[in-house]
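Here is the structure we will look at.
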Amino acid sequence: MRWQDEGLAAKTIKNRMAALRWLAQKIGKPNICLRGNDDYGIPRVRNNPISKSKTLKHEKIKSDLIKLSLRLQREFGLRKEECMKFSLSYAMKDAQTLRIKSTWAKGGKYREIPIWKESQWRLIKDIAAVTKGALIELEKKYVDQMREYDRETIRVGLNKNHGLRHHFARQRYLELTGWKCPADADAGPRRRELSPIDYEPDTEVREQISRELGHERLKITYAYLGQLEFGMLFRTE
């Protein structure tokens with residue numbers, strides 16, 4: 001196969017073949033491509049972004065406020081900006097719901113996140129013991145706190161720790177479905193492997209998690225939870 005002769009990675013070839021099959025299906029000529037990658041001698045690759053998921057080891061972080069910000073990312077799936085501008089006096093809607101203000105959020109999208117486990121309540125109590133305002137040092141502006149956050153997380157190897165949001169999404173998926181997602185360490189079933197009874201709940205859970213993360217699209221959950229059916233990646237939303 002030409003792509004193999006060119007030295008392309010198996011994952012790249014697999015993605016190209018999936019695109020070709022999708023196109024062949026759309027033009028009504030599905031038989032121009034063989035059905036399986038094995039027929040072309042393409043090695044099997046599980047597209048599983050597991051390395052993006054991180055647990056939190058923040059003992060070496062110097063700033064108590066940055067520690068709390070990191071815990072907000074892990075426990076509620078907040079983005080970096082959200083977890084620094086976070087203010088408990090606004091966020092606590094009631095005993096079951098945390099509010100994310102539109103001015104904190106990417107794209108100005110207000111959202112609500114359920115409070116459902118004890119570790120979240122421990123975090124809320126820890127924040128309340130320190131401040132009810134933003135998690136920004138009194139003598140600093142937001143931009144200064146952001147720089148300090150970046151320096152501290154890089155220093156302890158937590159830079160680019162979007163993985164804490166991945167960790168939140170996967171824990172949330174397990175909580176809501178009762179089984180692990182495809183991207184987890186002990187990989188759960190892919191969507192195409194689910195029974196008809198489980199397929200609809202999987203869709204509903206993915207949509208809910210997408211909203212809790214501040215997104216609006218089902219297909220964005222691929223990055224957090226694991227593989228969707230290929231055709232979904234081409235939907236216009």
Side-chain angles (χ1 to χ4, degrees), residues 3 8-26 30 33-57 73-79 106 111 113-114 116-117 119-120 158 160-237:
W3 291 335
L8 294 180
K11 181 177 178 180
T12 301
I13 297 173
K14 176 184 174 184
N15 288 340
R16 289 187 177 186
M17 289 304 304
L20 285 175
R21 291 190 183 100
W22 178 84
L23 180 61
Q25 188 71 35
K26 287 296 182 181
C33 295
L34 298 177
R35 295 181 62 85
N37 289 333
D38 291 343
D39 297 322
Y40 292 102
I42 301 170
R44 296 191 179 189
V45 178
R46 182 147 192 178
N47 195 353
N48 195 356
I50 184 173
S51 61
K52 294 181 181 180
S53 180
K54 293 184 181 179
T55 54
L56 181 58
K57 296 179 181 179
Q73 289 184 267
R74 178 186 63 184
E75 296 293 343
F76 291 99
L78 302 195
R79 298 183 177 95
K106 182 178 180 180
R111 72 183 188 277
I113 305 171
W116 81 91
K117 58 182 179 178
S119 60
Q120 291 173 321
L158 281 172
K160 298 182 180 179
N161 68 63
H162 200 68
L164 295 175
R165 273 165 57 85
H166 287 254
H167 179 78
F168 165 82
R170 294 173 191 187
Q171 291 297 308
R172 188 69 169 132
Y173 182 89
L174 175 61
E175 169 74 20
L176 293 172
T177 63
W179 61 82
K180 292 186 177 183
C181 67
D184 210 303
D186 302 317
R190 298 185 184 189
R191 279 171 62 81
R192 66 170 175 260
E193 297 169 348
L194 295 173
S195 69
I197 295 175
D198 292 333
Y199 192 90
E200 184 175 350
D202 175 82
T203 300
E204 293 173 355
V205 165
R206 284 174 179 268
E207 289 173 342
Q208 179 176 338
I209 292 172
S210 177
R211 290 191 297 270
E212 291 177 11
L213 288 169
H215 296 290
E216 298 291 338
R217 296 166 294 155
L218 173 66
K219 68 183 180 183
I220 199 68
T221 62
Y222 165 73
Y224 295 92
L225 302 173
Q227 186 167 322
L228 291 172
E229 291 178 342
F230 184 80
M232 291 187 177
L233 299 178
F234 289 85
R235 288 182 179 176
T236 302
E237 298 183 12

* **Closest non-hydrogen atom pair, Gly226 against Pro182** => CA-CB, 4.0 Å
* Structure fact -> The reported gap from OG in Ser119 to CD in Glu75 (rounded to nearest 0.5 angstrom) is 3.5 Å
* Just by modelled atom types, is the Gln73 backbone N or O under 3.5 Å from a matching donor or acceptor in the His167 side chain? -> no
* **Distance-only side-chain donor-acceptor flag, Glu204 / Gln208, under 3.5 Å** => no
* Residue pair Arg217 / Tyr222, side-chain heavy-atom distance below 4.5 Å -> no
* Structure fact -> In short, Arg111 meets Arg79 closest at the heavy-atom pair NH1-NH1, 3.8 Å
* Assign the ring pair Tyr173 / Trp179 to parallel, tilted or perpendicular, where the plane angle (0 to 90°) is split at 30° and 60°. => perpendicular
* Expected output: side-chain Ser210 to main-chain Thr221 donor-acceptor under 3.5 Å -> no
* When rounded to the nearest 0.5 angstrom, what distance separates CG in Leu218 from CZ in Arg206? -> 7.0 Å
* Spatial distance of atom CZ (Arg165) from atom CZ (Phe76) [nearest 0.5 Å] -> 14.0 Å
* So do the side chains of Arg172 and Pro114 get within less than 4.5 Å of each other, counting heavy atoms only? -> yes
* To do: Please round to the nearest 0.5 Å and tell me the distance separating atom CG of Leu213 and atom CG of Leu78.
  => 9.5 Å
* Is the number of heavy atoms from other residues, nucleotides or ligands under 6.0 Å of Lys106 NZ greater than 12? -> no
* Asked: Closest heavy-atom contact between Cys181 and Arg170?
  -> SG-CG, 3.5 Å
* Asked: What's the spacing between Gln171 CD and Ile209 CD1 if we round to 0.5 Å?
  -> 10.5 Å
